Amino acid sequence: MIVDHSLYKDTLLRHYRQPHNKCDSELKDADIVRRGANPRCGDEIEVGLYLDGEVLREVKFRGRGCSVCIASSSMMTEAVSGQRADDARHLCEDMQHWFQQGDGEGLAAPPADLQALAAVRAYPARRRCVLLSWEALADALDAV
Amino acid sequence: MIVDHSLYKDTLLRHYRQPHNKCDSELKDADIVRRGANPRCGDEIEVGLYLDGEVLREVKFRGRGCSVCIASSSMMTEAVSGQRADDARHLCEDMQHWFQQGDGEGLAAPPADLQALAAVRAYPARRRCVLLSWEALADALDAV
Amino acid sequence: MTAAVQNSMAADRLDPVQVKRDFPLLRDAPLARGLHYLDNAATTHKPQAVIDAISDCYAQAYGPIHRGLYPLAEAATARYEQSRQTLAEFIGAESPDRLVFTRSATEAINMVAGGWALPRLQPGDRIWVSRMEHHANYLPWQRICQQRGAELGIIELDEDGRLDIAGTPELFGSRTRLIAVCHVSNVLGMENPIQPLCAEARANAIPVLVDAAQSVAHLTLDVAALGCDFLTFSAHKMYGPTGIGLLYAREQYLAEMQPLLLGGGMVDEVGEGNAPSRWSDGPARFEAGSPNLPGAAGFAAAVGYLDGLDRERVHRHVEALTRVAAMSLGALPGLRLLSPPESSAILSFTMEGVHPHDLAQIAGERGVAIRAGHHCAQPLLRHLGIVATARASFGVYNDQDDVNALVAALDAAGRVFPLEPS
Amino acid sequence: MTAAVQNSMAADRLDPVQVKRDFPLLRDAPLARGLHYLDNAATTHKPQAVIDAISDCYAQAYGPIHRGLYPLAEAATARYEQSRQTLAEFIGAESPDRLVFTRSATEAINMVAGGWALPRLQPGDRIWVSRMEHHANYLPWQRICQQRGAELGIIELDEDGRLDIAGTPELFGSRTRLIAVCHVSNVLGMENPIQPLCAEARANAIPVLVDAAQSVAHLTLDVAALGCDFLTFSAHKMYGPTGIGLLYAREQYLAEMQPLLLGGGMVDEVGEGNAPSRWSDGPARFEAGSPNLPGAAGFAAAVGYLDGLDRERVHRHVEALTRVAAMSLGALPGLRLLSPPESSAILSFTMEGVHPHDLAQIAGERGVAIRAGHHCAQPLLRHLGIVATARASFGVYNDQDDVNALVAALDAAGRVFPLEPS
Ligand SMILES: Cc1ncc(COP(=O)(O)O)c(C=O)c1O
Ligand SMILES: Cc1ncc(COP(=O)(O)O)c(C=O)c1O
């Protein structure tokens, strides 16, 4: 049905349909909460950090968005939960860098568990969808 | 030297070199004086009427301008001196009409002594130069 | 109906296959292979006649406008003014002197807002727009109202999605300075009742600006029949070039309007230092800077192209296609059509469980170019209670095949994102 | 000089005959038969590469910018941003995000005047322009000074016709809010000392806007080397399309600037009614409305064309031709050259006993396209004490033949209007 180079890979769809660490209610008990919004498409994501000293014990999110946005948020929480804040910061930067580049030649590949997002790089119009939750995470990390 | 379809016909040049009814000093003794200016090219013409009741006993001008402007002023004073104000008004209208039209098909030709201005119709950018003194004349006639 | 009548009706129809051949991109471009272009409300493609008019102008008759004393400049000026004449006839204007070539519809509306309305606006006055305006016909009015302590009134929509003029009694009140409405909504596609609105406004000496950006390509515009005081559209949405648009204004309003841009060609006398300058008359006052001759030539060529197709036929074609598409979409599970039944050329919709971005993306992957988002109409979308819609919009080169592809793409999207998550 | 050095210099020269072949109008157009086009300061002709870039864009890669989720729209967006990147490299900008595509230089200057300077201007403040500015770089500043009770200061010219900066002690004073000067005068052709002016202005925290409309075609522009804060030019004077221009602004100033046009694509959040709206960042804030993709593509192609010719060579060619022309004109009886000796690309002159309009008309009849008038520089002409000049301006395709034709035409004019009337 869908052509091979489709944006809609299995992993992405799986994360969209059954997002990890997604809450339906407010992230009241989180130590730090930050919001990201893309007014141009109406997407909004809230990211909450549950800290254990310098370690992100858990990261959760809530909000609305397209499949790319939700899947990226889900993968993001997976990727950084349990990480040290510093490592998470580095990953944020890598992600920004990786998606902001025009064609990204010569850039290191992202961790394997984020590879499913790679397809989005071919769709510059969707970059904001991928990065929304990562930007909210970066904001939250600034407050750690 | 000059190509045949040149704007610069003998009559026009003659009127430019030796304009009729052109004064160098102010038209102080005229009954009515009106000014016309084309700020886009800096040309300025003053037209003075010397009346004899409803008749334009004499019409004089002064000012500065390109050859077309000066020649047209000179021919204008020639054409209307001695005419009744009403006839001069009609001639003004004809001239405006004759030069304002895009291509002027179907328009009556101007009097023979103004035919030398006909060449200017092929140069829309010079229409304002021809009409400047005629517009000043029309203004002056409004005050008769 | 007799066969003869049927035949004559068929002959009276646009043949989109033939029309498509006029458009090099749709015919030949590798990037457009298998493309079903249904984003005509954003911008349309260009027929060869328009592309040629632009190239020919550069290659054959290019020169500066209005100020040259040599044949090439005279020819360029004549061609520029001829384009204005063509556009004047296209919209039934009383004189080409009422037409200003602008950069776009957006610039034209900003010109009227800043140059005509702002200097007349007092605290407590009102400017009215409708709930369904494009940001281009909303933000400029909002800004001047904020600057002057005036109020931006909104004509809301009734239950059927139509302008609720009856429910807006202050619309024609004494504090109203101007009404700005679109002829056709760029989200919903329905046509607003411009004629009665203008008639009542004029009876109350209130000028009306009509944003015809979305009607110009498929409705016949006649400023006298509409009775509007200002009208604007962009060439690029009517098969013409980008970078040029039009403002029509009635004589009185044009004479009263201050220029938005100052510069060459619009001034008669420049004051020294702070001494006042004197502007030129007529359209020149609003065309500061070197005029866009190839743009004007391409604009006129687009008019010629539309006239050649016959604007009545264009209208019927686009309307018929919209009807068919609306029926097919309506039959898709989970699909909600937001456009009212009489909409023409534009259909907005959402699909349950599928974000509009995903809908457009999946369609895009299948060669179906539709748009998703707020379509620069946030006030309307707030009213609809949604953040985005998907939108398909039709043009002269679209046909049943495009509708089929759209339906298939939406169907596919429904399968990628089934309502019951697996 | 050795023959080898001479040879290598010859190889390093522009061959105008070959260059002319790149320009379809000059090569083939019936209207341009026997044409000596010396009105390049008004607008230049277009090489095939630019015309093709525009046509190809329409025929191969046209689509809406920034908001489409299908391949054609993505390609269109990429191409548009690629053009911005090309222009950024062309002027040595630190980032393409500092570049705004405008309608023209005129629009760009109006944007800075209304959007940056006006909100900061207090009564008693000063904006400085020079005596030789084009109306486009004079009137917008005059208007905002009038609006705010500020003063429009004029940098006068010294006896040699150069900016009298030393004689303008208040130029860098504490009440100065902005200085706006042209890089090269469109009447006299001389280059202003932008670099030292900007350096001193920056030391006093005063922003400088450079109007590069007349330098972009034959000088190398580098905003970092110039040290300017705003820079602008139009594509159509550098062999590019009409209807598009550029504004460069340093990061701080762009961030502080309010948009001139409001509409689609420049707003993040639209306020309800009079509630404030939130603008987008970066260049998007200043590009309301549908972007002009073919314009941008043609603009970038013009950059490519100039780079291909080599801008150093272009400069030398135009400069050498101007020198030769100045010498020949200087030898004509009654001819007065107004341009200073170091002028490049542009020569203004008058001829005793012949009105500039007649001069230009007679030249035009002989196929020599020059301009007569105030060249949208009334303040300068008032200073010179004349109402009009004739102006010849040179481009990459001009050669000695054009200079000869100019001299012959002026000579002929002298005979039609002999100093001693017959
Ligand atoms: C020095 C100068 N500045 C500004 C302009 C305005 O350029 P445009 O008409 O392309 O906006 C011109 C040309 O007309 C010019 O010569
Ligand atoms: C209804 C409406 N008005 C105004 C505009 C603005 O047109 P442009 O972007 O060509 O200025 C558009 C299109 O974007 C529109 O759909």
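Convention: sequence-line order gives letters A, B, ...; per-chain numbering from 1. Predicted model only: the values in this text are computed from it and were never measured.
With a 4.5 angstrom heavy-atom cutoff, C:Ser234 does not touch chain D via any of its atoms. Heavy atoms of C:Asp268 lying under 4.5 Å from chain D belong exclusively to its backbone. Residue C:Arg391: no heavy atom, backbone or side chain, is found under 4.5 Å from chain D. Residue contact with chain D, scored on non-hydrogen atoms closer than 4.5 Å, involves the side chain of C:Tyr37 exclusively. With a threshold of 4.5 angstrom between heavy atoms, C:Ala275 approaches chain D through N, CA, C or O but not through any side-chain atom. Residue C:Ile370 touches chain D through its backbone alone, counting heavy-atom pairs closer than 4.5 Å. There is no contact between C:Gln48 and chain D, counting heavy-atom distances below 4.5 Å. Neither the backbone nor the side chain of C:Ser104 has a heavy atom closer than 4.5 Å to any heavy atom of chain D. Contact annotation for C:Ala105: neither backbone nor side-chain heavy atoms come within less than 4.5 Å of a heavy atom of chain D. For a residue to count as touching a neighbouring chain, one of its non-hydrogen atoms must lie under 4.5 Å from one of that chain's; by this rule C:Glu107 touches chain D with backbone and side chain alike.
What you find for D:Ser55 and C:Ser55 is that their closest heavy atoms are OG-OG, 3.0 Å. When all heavy atoms of C:Ile54 and D:Tyr58 are compared, the pair lying nearest together is CD1-CE1, 3.7 Å. For the residue pair C:Gly265 and D:Cys376, the shortest heavy atom distance occurs at N-SG, 4.1 Å.
Contact check for D:Val270 versus C:His374: no side-chain heavy atoms found under the 4.5 Å cut-off. When side chains are defined from C-beta on, D:Gln60 counts as touching C:Pro30, because their heavy atoms get closer than 4.5 Å. Using a 4.5 Å heavy-atom threshold, the side chains of D:Leu139 and C:Met266 count as touching. By the 4.5 Å heavy-atom criterion applied to side chains, C:Asp39 and D:Pro64 are counted as neighbours.
A salt bridge between C:Glu269 and D:Arg382 is absent, with no side-chain N of the basic residue lying under 4.0 Å from a carboxylate O of the acidic one.
We find the CZ-CG distance between D:Arg371 and C:Leu69 to be 8.0 Å, quoted to the nearest 0.5 Å. With rounding to the nearest 0.5 angstrom, the CG atom of C:Leu261 is 6.5 Å from the CZ atom of D:Arg103. Note that CG of D:Leu262 is 3.5 Å distant from CZ of C:Arg143, once rounded to the nearest 0.5 Å.
When the candidates C:Val50, C:Asp52, C:Leu260, C:Asn137 are compared by the number of heavy-atom contacts under 4.5 Å with chain D, C:Leu260 comes out ahead. Of all the listed residues (C:Ala75, C:Pro241, C:Gly63), the one sharing the greatest number of non-hydrogen pairs under 4.5 Å with chain D is C:Pro241. The most heavy-atom pairs under 4.5 Å with chain D, out of C:Gly367, C:Pro294, C:Ala32, C:Ala377, come from C:Pro294. Annotation: maximal heavy-atom pairing with chain D below 4.5 Å, among C:Ala61, C:Ala369, C:Ala42, occurs at C:Ala369. Residue with the most contacts toward chain C among D:Met111, D:Glu151, D:Gln146: D:Gln146 (heavy-atom pairs, distance under 4.5 Å). Note: D:Gly364 leads D:Gly295, D:Gly364, D:Ala363 in heavy-atom pairs under 4.5 Å with chain C. For chain C, the option among D:Arg27, D:His375, D:Gln361, D:Lys237 with the highest count of heavy-atom pairs below 4.5 Å is D:Gln361. Ranked by heavy-atom pairs under 4.5 Å with chain D, the list C:Asn292, C:Val368, C:Thr106 is led by C:Asn292. Ranked by non-hydrogen atom pairs under 4.5 Å with chain D, the options C:Ala29, C:Gly114, C:Ala59 are led by C:Ala59. Ranked by heavy-atom pairs under 4.5 Å with chain C, the list D:Leu26, D:Asn110, D:Leu72 is led by D:Asn110.
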**Message:** Set out, in order, the CA-CA distance, both residues' side-chain angles and the distance that settles side-chain hydrogen bond (donor to acceptor under 3.5 Å, both in side chains) for D:Tyr138 and C:Ser277, then state yes or no.
**Reply:** CA-CA 11 Å; D:Tyr138 186 99; C:Ser277 295; over 6 Å; no

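The residue from D:Ile51, D:Thr43, D:Leu31 that alone fulfils the side chain to side chain contact (heavy atoms under 4.5 Å, CB included) condition with C:Tyr62 is D:Thr43.
Side chain of C:Gln142 to main chain of D:Asn274: no donor-acceptor pair is present (N/O by atom type, distance under 3.5 Å, no hydrogens or angles).
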